Every structure is written in structure tokens, then in C-alpha cells.
Amino acid sequence: MSKPYRLGSGGRLVDRTKKVSFTFDGKSVSGFQGDTVASAVLASGQRVFGRSFKYHRPRGLVGLGSEEMNALVGVGLGARHEPNLRATQVEIFNGMAAVSQNRWPSLNWDVGAINNQLSRFFPGGFYYKTFMWPQSFWKHVYEPFIRRAAGLGKAPEGRDPDSYEQIHVHCDVLVIGGGIAGLAAAEAAAANGAKVVIADENPQLGGLADISGGAIDSQSLVDWTAAKGAKLYAAENVHVLNRTTVVGHWHHNFVMLFERVADHDPALLSQGVPRHRLWKVRAHQVILATGSIERPIAFANNDRPGVMLASAARGMVERYGVAPGSNGVVFTNNDDAYQTAIVLKHAGVGVRVADSRARAEGALPSKAREMGIPVDTGSVISAVNTTWGGLNITGVKIASYRKGQGRVIKETKAEADFVAMSGGWNPALHLWCHNGGKIRFDDALQAFRPDKHHDHITAIGAANGHFGLHQILEEAYHAGSKLSGHGNLHPVPTAQQAEERPLEPIWFAPATGKYNEGNKHFIDYQNDVTAADLELAQREGYESVEHTKRYTTFGMATDQGKTSNINGLGVISEASGKTIPEVGITTFRPPYTPFSFGSVAGVLTKDLFLPIRRTAIYQWHVDHGAVFEPVGQWRRAYTYPKAGETNHQSIDREILGVRNKVGLLDASTLGKIEIKGPDAAEFLDRMYTNMFSTLKIGKCRYGLMMNELGFLTDDGVTVRLSDDHFLMHTTSGGADRISAWLEEWLQTEWTHYKVFVTNVTENWSQFAIAGPRARDVLKKLDPSFDLSNEALPHMSFVEGKLGAYPVRVYRISFSGELSYEVATPSSYGLGLWKDIVAAGAEFGLEPYGTEALHVLRAEKGYIVVGDETDGTTTPIDVGLEGLVSKKKADFLGKRSLEQSFLKGPNRKQLVGLLTEDPNDVLPDGAYAVRHVKDKPPMEMIGQVTSSYRSPTLGRSIAMALIENGRNRMGETISFPLPGGKVVRAKITDTVFYDKEGAKLNV
Amino acid sequence: MLVVKCPVCGAEGDETDFHAGGQAHVRRPATTDPAHVTDEEQRDYLFIRINPKGLHFERWRCDRGCGKWFHAARDTVTMEFKAFYGITELPPMDVIAQAKGQWAEYFEHRLKSEHKA
Amino acid sequence: MKPRYSVFSLARNAMNYHKDWERAWRSPAPKEEYDAVIVGAGGHGLATAYYLAKNHKMTNIAVVEKGWLGGGNTGRNTTIIRSNYLQDPSIAIYELARSLYEDLSQDLNYNVMFSPRGVLMLCQTQHEFRAFQRTAHANRLAGLDCRMVTPQEVKEIVPIINDDPNCRYPILGAYYQPRGGTGRHDAVAWGYARGADAMGVDIIQNCEVTGIERDGGKVVGLETTRGVIKTKKIGVVTAGHVSTIMDMAGVRMPIESQCLQALVSEPIKPVIDCVVMANTVHGYMSQSDKGELVIGGGTDPYKNYSQRGSFPALEHTVAALVETFPIISRLRMLRLWGGIVDMTGDRSPIISKTPVEGLYVNCGWGTGGFKAIPGSGWVFADTIANDRPHPIAEPFGLNRFQEGRLIDESVAAAVAH
């Protein structure tokens, strides 16, 4: 029965002069420009588009647009493959490769369809009741099987070659939806001069006007919407976005729009156009003109390929010139679907109507009868007969029906190869609800419609539950006028439309056979949820609509319940005896339709994903073979291996270079914060644990900072530049955090202090010249100041020049050697660095990296906040009690140090460790135990915080936080390592090298 | 995504241009009388927070603007801001009047003690 | 005794088109008085009731719930189960929970789909590597089955991971808990509810607590929208809403309620068979049995009771995961949602007696409560039954905030999920 369904003429959107060919499951298909995959494939005679999620039943096209839940296809190859696209929204182009999904080996012969034969054993929620035995089978047998059977399309392979972008827009009025209501509202708002954005998910404006019937100002709706669209495109204060789905509405009228820029024409990509664009719109007013979505009817086997929505059936004819079949039945509970019968009849397709209402006396049914279309009122479809495997419809049974009737009493056979169904229309209120809009149930529509909203959002037209053309126009023009902010009322055109009589709800059509035994009345097609499943959930106590949803997965498919929602509530309502509003509704969540992760990441990928901060010397490091490590947002040189050297050898060489000659470190990442003002000294006394008001001008002091919990959070050397001016150094990762921290206290607690805090980290390049020959190197650079130990002793500061370079020189040391930290404005940084390298050559100066820095400091027992401390460590724990002022009444963290646990016994204290075997290097983070046992658990007494092989000492060294450590000097403790080895180490003090500090004061 | 307005420089922007800084009007007991802070007072200062469903008072910083901290009154359910006010200030009286529960108690106490002073 | 669920009962019921299944739990009216009442029918509350009945034979108890059972964070999380924490108290409770998960389906006769597919925590900086190495040592000595794995092993376990050594944060290794994984969140709540109900526990939904009645320093009952319920023991397990309930008893809490969001992609055929957490870039991902990629990130930075988060928090997470798993760029976000999480000052939970006699509280699970449900219920039930903290619950007492005895897991450089 796979005959081509393209009609001889018609199809408003297709250009029959332009053929387009593409493949569907590898088979060549040809269509016309303007076709979607859905229309072109259907036109080729192929009805089955995919297989359902659970039962693998063959499924065809149901909808016309974004509501489609069955006809999902994958498009594109390899890294450009995109799964799960709605065939109704995919515009075809030459060379497109589309594939069906969730079937193996092919659409018509799918092994998974065995699930359908066994479906009696798989009711809603069945997996909660089984697969429990034996225990290990869930992970290894049942679950892998379920996972393979589930899922829909396949993921692409490899990195996405295309680009994405985002754009921020502010507007007065955002109109969502380009149908009659949206166009009218946009026109009215624009006429008042408002800045308007109007977005529509389809390639063209007009919404469902082309299949709606009626006229405005004596123009056909197609002509009227085309004229209005053209006017908006031309208007300077209106931005029209096609192929753009509004995916979500957030707090304070933040709205996100997803534009498919190049999906319909990949040739655009080669012109540098992004594939998708995400619009972030902040709108003063949002007008919701999203229209409505037709709902199916729950009748037996209502999922057979060829059963579709009435709007889709006439849309296929009107838009694409494609007939849904040769002979069909329109099954309806309302007048609107008669338009489908009329359109089909005009197109020469055989059609009859089954209307569940007792009477159908409106204008449209009357017209249908006049055209000779057979109309059976008080009738439902009670069965759908198909060929083997359910692939093609061979006929239906039509049964007499009275409202509320559950069983079939009398039925007749009717020939048909398709069914067009309509259970009424639901306002598309998803976006209304995303940010907490209230809704109410409308008895006439048998649907929910918008009620109150706390944000500036207004629903109009069908989205607001209004279906009469005149009413829509009046509401739209009023809203557009009023919300433009000016209030000049735009004149409202007159409308002509056939009058429609009310629908009557039908939530369950009785089926051939006993009530609800074995017949499948699908509610959620894609997830294979039937009316029986919903009833079962109710019977089993999953009464809340959220329970029912989660137990049966109703509404959780990729269409998120667009067509199934109200039908499901209707079934639950009848099963529970509650009204639909009492049953309630599940929460609508963004997005309205799925949108790409690529668009969410936007340009923040590859190099722009968390961009690297680089010092002024970065490129020099690269050119000189540095290996890097990420430190905060920075990337710092880890070591500079020479040809043939391992990292390890290189690090050792760098360390010994500093100890014996001189080394150069790029310390520019170190945080530098200037603190200035009459209260600067007092302020620092509040911030630091130790005293800074007593610091003399030109002197440096090492300071500790705690958070208010009493734990160490940063450390560094601060210098007093003048009486009211300090420069604070922080850790490399800490600069931004600490400057914000200082600001916060200044602005929020000690608001009377007159102090400025300025983060100057990036303004200065700073280098450590460390080693016994450091002074010799500096001397060669023509210093404008006295470098002698007397004039510039350890922990002092001078500002001056090195040759032409303005510099700040700090005689401070993190290596234990004679050391100068030289800072110069960043723009001079690279020049000075190169000059230092040149000047140092004769003294053996070489650059050293962060790993050498760490070993050097560990040899001296200097702590690194973040290594020796972990956010639960106090200054006292690390042995720096002397830096916690007893004199100051208050500073940050002081009071918390008095808490019982912080001053309690048996705290972990920082100690040094020397392993018994000097070649054993303890792993970082290894734990010592009280007693070594054959197997865990073992009681732990502390952990290694830093551990290195020291080339200076020719042995391993480590620091550790050990319970009550300072009282255990000389004790040997044990570290059981993976694999059973136990390393024993002696507790020592933390200074392993130059204990008396002689090297510092030369 | 919220729209925040800085009462200091007037900048209005997305929440990402600002920094949310937790509950407003938390008193740091050690600032005024460091010698007599009880363990309970210190605990309350560090950890106990008013956590209302509804009107709340909090701190923000104008991160990408003037850099100043300020106060805001916001409904934690609707997310609507009711007021932005200075970091040393109390909220407008009409907003204080809408405060409930622990916030109402706080402002009553605070206004009384300031009246006395 | 309820009929047991099994493949045989399923087959038997299929013969009759599943018309004879019994209710999973009753819908009782509240009695006048109970021996104990649990406030909040989320996973933690229901597990508490289940173990009160099962371990302590307290069956004259009720669970009252404002909405529908399992409707809060239990049904909103990303279902990760792991126990590889750093601090001893955390290891104890999360490992108790994880080990109970191992045979929870059999215990409850309800398939909670515990799937020990492995949890992989990526090391993307030297600092993170060292921190996880420390955790690995601590966990090994505590007896946990966990290990560090190399970048090559990471690639073998997760072939879709970006292993470009020149990317922004190259994979330096990972910390792996092979017996961590995921479970079916709703089923955990439903299974506990069904199990508790079978032992006589009354689960009373749509019953909002409006007041806590006290006599002197003791609780004597609850006021609810369905009338007054007398009881001498009340266990409050209401996560993001705990401040409101405890306020009724005059107990102020160290809790802030924030919004945590999660999202899923459209379903696809299996591409990732374990949970991957990338803490440096703030994202984590796994794949559900339905085929959806389940993604989570950080909390919004401000108080929020709306169950609707702010988009920027997610945007960063998605960008991070696109970098980590480049193939997801062309996949699509299907649904995102938010839950109200209860954050404590040290980001560790509270399982505690309170200054009010007979009033117990279990909260503060923040962003990571699902994995703890069985353990949390177990020790909280014991605490309530015996009116003293269970040894595993003891470190999680309220008094720690006064003593400075914080349990800070951020030390391990891990976001607590």
C-alpha cells in the first residue's frame, strides 16, 4: 500500500519546480523545496517513521510541527549527526541524510518489536516489581538490556565542527508566536513606537492561519498574515525571528530564544554563520501568542501509522500537497476537525466523519454534510485493523457511543487507510508556567488556560483559550497597544468566521472486546503509556499526578506531554473520581522544545572556555620549553627541562641552581593589593592575625589571614610603603578573593575606615632572583639604590630603578636563600626579565619553575596555604602561634579560636617527617595510623601535607599534620601504603635546611 | 535570572553582574565587645540564618559596576525585589512593615534600640 | 502482609490484565495519637519510618507530608550514590548508606535499581590530584573499595571523554569508586513507603504541619491541616523547609535554602556507563536507564524557594561538560528543574536531638542527600527510638556549630554531591 501520496496540485509551502533529493535510511527520496522530512517521506508512500520507546511499535506521523512525538529522525553524518529531531520541523535540502531511530535491523523488521508481543507483561511501572533476583543481575544483565532497548537516536561521533553564538537583547515587547494573534499584537505595539521582537518556531510567519478558515477584512487568512508579516519585516523597530523557538521564561522576564540559523541550509556554515544562536532577551513586556496544540483521542490502537491529528492531516494537504492516504475517517469531538474533512474532500481524498457528540449542528458539520461527506454522530472508532505487524491500516470499526459509555454495544466496519483525530485544543501555556504563572481549568475548552502571573507577561489568542477570530484580534490589538507603553489603541479589523459549537470531552473511547483488556489506548505515544497504565497507577496508590507521571513515565518523553497531558489527566480523573483541576497538573519546565547544548555553551568552548590568564613573560616560558601547570586561572611554568632531561632531572637542577648559584622565578601571579588611607594600618590589624600597625616604613612582614571560623585562608608578605600606604602580597590563587574579602569588610563592617583597597596584581610583573649570587646579578643591572645587607637587609624594601626600569624591590625569600623580589610595571616585564637573564648568565642564573619553588620552600619548612592547610587548619595547628596576636582585642577569626574544638587537645599539628629509608618518598596525602593492622579499617592519626625528594639533602623530606604532633618529636610513625608496604618515618621539626637562617642574612 | 539595581551608582543589570552576599543585618558581636562574646553568640553570628519563605533581606555587591556593597529586600518565592538600600541603612519603612516572623522581630528590636539611642 | 513483587506475580497479574494489584501504600486518616511522627515523606523521612518499624519495632508511627510522598528533593536529584568522602564521619554515614543500597531492592521487595556503575571523579589540576590522592589514602584505610586511576584508564572507562592533553584542564587522572553509582530516586521513596506501610506505618499525604505543640520543654503534638496529632516524639525531615518547621518549635537553624538545578538531555543510546564528576569545572554527568544524560552543577548564590533556578548557573555547567564530553554539543537539553536544598555552614548534614525534648531533626543534606537516604534513616531512627545520638550520627549534632567541630568536605576539593 506504499503508493505515493503527493497530490496533483496544491501545497502552499512547496515549490514544485525545485526538486530536492535526500536519503531516508539510505534510500533516496525526492521532494520539493519547502518540504519537511515528514511531508517528503510521507509523499513517497512511507508511513512508518520510527519505533516506540518501550514496545517498539511501528509509528507514523502524528503532528504538523513541534508537537510531533513519533516521527523522530536523526540527521547528518559522523560528527555532524543530530538525533531525535522532529521530522515535521526538519526542512529538507539536497544531500541530507536522515535516518529513522530505535529500530534494528530496519524500520519494517524490528527485533525489538517482540516487546509488543510481550507487552501484557510490561505494564506501567513493571520494572519496580521485578529484576530483583539475583542481586547482581540488575547491573550486569537486566539493566544493560533495558539500556540498549531504551534510548532513541544515537549520539554523534567526535567533536562538533560547527559554531554557536549567543546574543543579548533588551526590548519593550517580546511577542512569542507569529500567528494571527502575535502578528496583530506586534503590529499594534510597533505602531506605538515600541521596540518589538517577534519570534516564531516555524520557517514562515502565520501560525495555523493557513488551516484555520475564515477571513479578516475580507482577506483570506493566508493573505492577511502574509501582509502583516511583510509589514513587520519592513518596520525598523521590529525584529522578526523565524525558526526561533522560545525555550524558556525565567525570573524578571528573562526569556531565552533558540534560533536554528543554518540547520535548513548547511551551506551557510561555510560562510561562517553559526549553526544555532541563543537569544537572551530581557523584555519589559512579554506577549504570549503561542497558540494551541490539538490533542489526540484515546481509542484502541490509536498509535497505528496513519493515525494523525486532524490539523496535521489538513496541514499536509494545504501546505505540502500531500494526502495522508486515499480514504480516511475523521474522528472528532468538536466542530473544528470538520475543516479537515472538507479540505480532504476538496483534495479528492475519500473521507467520513465519526463524531462522539450526539449532535453536530454547527456551520462546519453542516457544510460537510452538504458536500456529501458521511457524518456519524454519537460514534467512536472502536478498533483499528492493520496488516501484520501493525504497519498499515486496513480499516476501522465505528461504534455507537453515548457520553460516559465504557463498552462497545454496536459496531460497524469502515474502510480506511488513515484516521484524522481531534480531541479539542489545548492552549500552549508552557511558557506561561515556566516562571510560576497560575492556570485554571476551562470547562468549555476542557483544558487549562492562563490565570494570574506575577511577571509582566500577557497571554493572548488561542494561548489564552480564545479561539474566535474576532476575539483573538481584539485581544491581540489591545494587548499590543496597551503594553507598548503608549496606549494609543490600534484599530481592530473585522473578522469573518464560521461559528463553532462546543466540544464534548471524550477521554476514553470504548473498544472492541472487553473493557480495557489488551487494547492499547495510547496517551503518551513515545513512552508507550496507555490509559490502562494510568488506571493501574491510580489503583496501586500512585494517586498524585506526579506519582502517576513518574510511575508510568507519562509526559516524560521528548515532547514533554504536549499532546498527551490533558488526555492523561482526563483518564486519571475518570479513574480516581476527581475532577481534572483536583487531579492537578505536573509542572511545566523549560525548555519548551529541546535545544542544543552547543548553543548553551555558545562561544565558551575551546580557548574561550575559562580563558587562561598569562603573565607578561608567558611567551618566553613557552619559547624556552617550559612545562606548565594550571594554578587558579593562571598557567605557570612548572619546570624548564632541557634537551634530554626528564622533568624530575630538570627540577633537581633548578633547585640546586638556586641553592648554589642563582635562579629566576616568574612570580607575577602573586597577588598584589595596595591598601591606602589614614586607617590602613588599623584595618590591616583587623584583617591579619598579627600586628601591622607597628610595621616600620620600608619594612616587610609575613602575615597570616584567617576566615571568621578561625581557619587559615591566605598568607603573604606585606610592606609598608609609607605611613598610610601598604602593599599586600597574597597567594597566586588568592588575589581576587582576598581583595574582594578586604573590600567586603571595609564596606560592610568597618564602614568608618578611610581606606582604599586596589588589586594591582596585573599591573606589576614580579620576579624572584634567588640564590647566593642574587646580589651580583642585580648589581649588574645598574641599581639606583644600595643593595648591601646593611642598607637593604632581609625583610626590607626599596623603590628605585634598575637601569631604566622603575622597580620595587622586596628583599624577601621563599627559598631560604638570599633573594630579591623585583617588581616592575607589567609593560616593562618582559624587557627586565630578559635583561636579568642576560645579566645573570655569568653567575649561572637559570629560570626555575613552580615545582622547584615548592621543594625549596619545603626544605625550609615554609607552609603553603592549601597544602599544609586544608580549610580546617588554624595558625596554631601549623605552629605559627607566634603570629597570632595576643595584644589585639579583635581581628578576623580571633573569637572562633576560642571554640572548644579549636583549642581542644589532640588537634593535628604540623611536623616534619624523615623516612627511615631516605629513598622512600611518602606519597602526598598518605595517612599515618595508630596501629598497623593486617587489613583496614585502621585508625588514622594524620596525613602528609607535602612530600618531596630533596636534592639539596639527598633524601626525602615531608611535612605532615599529625595528631598531637608537636608532643611526639622523635617518635616514629607508620604509613601503610597501597600494596601493603608500610613506610616508617620519624617526627621532626619542619625546617630541614639552614635551621638558623644564616643564608637569608648575607 | 534576576535584574538587580545598585542603589549607589544606579547600574541595573543581570544578577551575573552582581555578587550575592548572603543575609543582611547580621551583627558581628566581636566588633563592639570582643572580650564578651559567648559561644552561642558566636555560633549565631557565624551559622544561624533567617531563612524565610517570602520577604528576605540580603546583601549584594555591584561587582561589575561601582564595586559597592548594598542591601536588598527580596521575596524568596516570587524573586521580586522590593527595595535596594544602602549598606549602612535600614530598609524603607513600608518594606519593614511587610516583614514577617524573625525579620519582623529583628526590625522591631532594632528600631526600638535605635530609638532609645 | 503484602503480596510480594516478583516476575511470577507479574506474570500472574498479567493474566488478569493487572486489575488485581494491591495499593502500594494505604491512604489512612491520621489517628489521634502516635508514638512518633516523622514530618516529611521524602526519602530520608520514609527511610526513618521504615527503620523505626523494622529495627526498633515502633509501628504506631506516622509520616506526615505536606504534598505527595517523595515529591521534594528525593525526586529531583541526579541519583548519584557514592561514599568516597574525606572526613571520617562522612565516610561512616555515606558508606553505611551505600552498603544498605547494595541490597535495598531485596530488603524492600521493590526494585530501586541500584546500579554500581562506578563513580569517577576527575583530577584536572595538580591541586585536585593531590587532594583526591589524600582522600584515596583515607578511604583505603577506612576500608573503602576505591582507587586512583590513570588518564588511560579514564579513557577506557569513559571513551567519550576529551583526552586532549592540550585542553584547558587536561585529565591528570581520576579517583574511582567502582561500587558507587546510581539508583532510581522515586523508587527509593516508593519502596520505603510501601515497606513502612506494610509494617503499619501511616503515611499521611496532603497533611501540612502548621504548629508544634509543646508542654514546657517537651513536644506533645502537632497541629496539621488535618487536625491535631498527639505524639511525644517528632522527627523533622523537611530539607529546604526545615527552618519553617523548626521555627514553630522556637529552634533556629543554621540552614539556608537555595536552588540547585539539574537537567537531562533527550534520550540516546548508551554512551557513558559510569558517573563522571568534574569538580574543577563544576559539572557532573551520567546516563539514565532511559538514555537521558543526567547533568548537574552548582547552586544559585542566593536564597530561593521557587524551585526555579537561574540560567547562568547551568550555562557554566553545560559549557564545562561540552568541553569534557565534546559529543554532547549536538545533543539537546530536554528538561531542567530545580530543587530547594538546605545548606549548612559546613555543607555537612545535621542529624540531631534539639533543645526541645522529643524533637529531633535530620536536615542539611544540601546538594548530596540522595546517596545517604538508607544510612540517614537508619541512624536517625535509632536516635529517635533511643533518645540519644547513634554513634554515626553523633558528629552531625547541632552542637558542632558552637564547638567549631565542623565537618568540612570542601577540603577534599570536591563539591559535595
Side-chain angles (χ1 to χ4, degrees), chain B residues 1-4 13-27 29 37-61 63-64 69-82 84 99-106, chain C residues 66 208 238-248 250-259 261 298-316 338 340-348 350 355 363-364 366 397-408:
Chain B
M1 183 157 57
L2 309 181
V3 176
V4 185
D14 290 344
E15 66 183 57
T16 43
D17 291 336
F18 293 80
H19 169 81
Q23 182 180 325
H25 307 297
V26 175
R27 189 181 145 262
V37 182
T38 64
D39 281 354
E40 290 77 12
E41 280 176 304
Q42 182 71 358
R43 173 201 63 197
D44 288 1
Y45 156 62
L46 290 174
F47 297 111
I48 303 294
R49 292 291 175 263
I50 304 178
N51 195 23
K53 222 180 283 183
L55 186 59
H56 184 54
F57 299 87
E58 60 194 5
R59 308 184 315 158
W60 287 79
R61 186 185 180 209
D63 239 20
R64 314 265 166 102
W69 283 85
F70 58 90
H71 282 146
R74 182 175 60 88
D75 189 305
T76 61
V77 179
T78 67
M79 298 284 148
E80 188 192 350
F81 281 106
K82 304 279 185 187
F84 299 103
K100 295 203 168 58
Q102 289 171 20
W103 275 120
E105 286 166 32
Y106 169 81
Chain C
K66 181 171 105 174
E208 183 176 357
T238 52
H241 302 281
V242 70
S243 300
T244 314
I245 304 287
M246 295 302 281
D247 202 25
M248 296 172 188
V251 179
R252 295 185 59 196
M253 297 296 292
I255 293 280
E256 294 198 83
S257 297
Q258 293 176 334
C259 184
Q261 298 176 86
T299 54
D300 283 354
Y302 44 77
K303 213 159 276 188
N304 183 343
Y305 279 98
S306 74
Q307 286 190 343
R308 288 173 190 86
S310 181
F311 198 72
L314 284 177
E315 210 165 358
H316 177 78
I340 305 168
V341 295
D342 42 346
M343 310 296 285
T344 63
D346 61 1
R347 303 294 184 256
S348 285
I350 294 165
C363 66
L398 270 170
N399 50 1
R400 75 174 187 272
F401 297 103
Q402 191 163 320
E403 296 165 0
R405 197 169 33 75
L406 306 179
I407 305 167
D408 190 349

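The chains referred to below are lettered A, B, ... by the order of the sequence lines, with proteins before strands, and numbering in each begins at 1. Being a predicted model, the structure only gives us computed values, none of them experimental.
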Trainee: Does the side chain of H56(B) come within less than 4.5 Å of Y302(C)'s, by heavy atoms?
Mentor: no
Trainee: Identify which part of M1(B) has an atom lying under 4.5 Å from any heavy atom of chain C, answering side chain, backbone, both or neither.
Mentor: both
Trainee: Heavy-atom pairs under 4.5 Å with chain C: which of H19(B), E40(B), E58(B) has the most?
Mentor: E40(B)
Trainee: Could you tell me which portion of L46(B) (side chain, backbone, both or neither) has an atom closer than 4.5 angstrom to a non-hydrogen atom of chain C?
Mentor: neither
Trainee: Under 4.5 Å, counting heavy-atom pairs only, tell me which of Q307(C), K303(C), M253(C) racks up the most with chain B.
Mentor: K303(C)
Trainee: Search all heavy atoms of A20(B) against all heavy atoms of P301(C) and return the closest pair with its distance.
Mentor: CB-O, 3.5 Å
Trainee: Can you tell which part of T244(C) gets under 4.5 Å to a heavy atom of chain B, answering side chain, backbone, both or neither?
Mentor: side chain
Trainee: Counting heavy-atom pairs closer than 4.5 Å to chain B, which one of T344(C), D300(C), L406(C) comes out on top?
Mentor: L406(C)
Trainee: Would you say the side-chain atoms of Y305(C) and N51(B) include a donor-acceptor pair closer than 3.5 Å?
Mentor: yes
Trainee: Check each atom of L398(C) against the heavy atoms of chain B and say whether the ones under 4.5 Å are side chain, backbone, both or neither.
Mentor: neither
Trainee: Under a 4.5 Å cutoff for heavy-atom pairs, which residue among D14(B), I50(B), D44(B) has the most contacts with chain C?
Mentor: I50(B)
Trainee: For residues R252(C) and Q102(B), determine if any side-chain heavy atom of one lies less than 4.5 Å from a side-chain heavy atom of the other.
Mentor: yes
Trainee: Heavy-atom pairs under 4.5 Å with chain B - which of P312(C), G240(C), G404(C) has more of them than the others?
Mentor: P312(C)
Trainee: Between I48(B) and P254(C), what is the shortest heavy-atom contact and its length?
Mentor: CD1-N, 3.7 Å
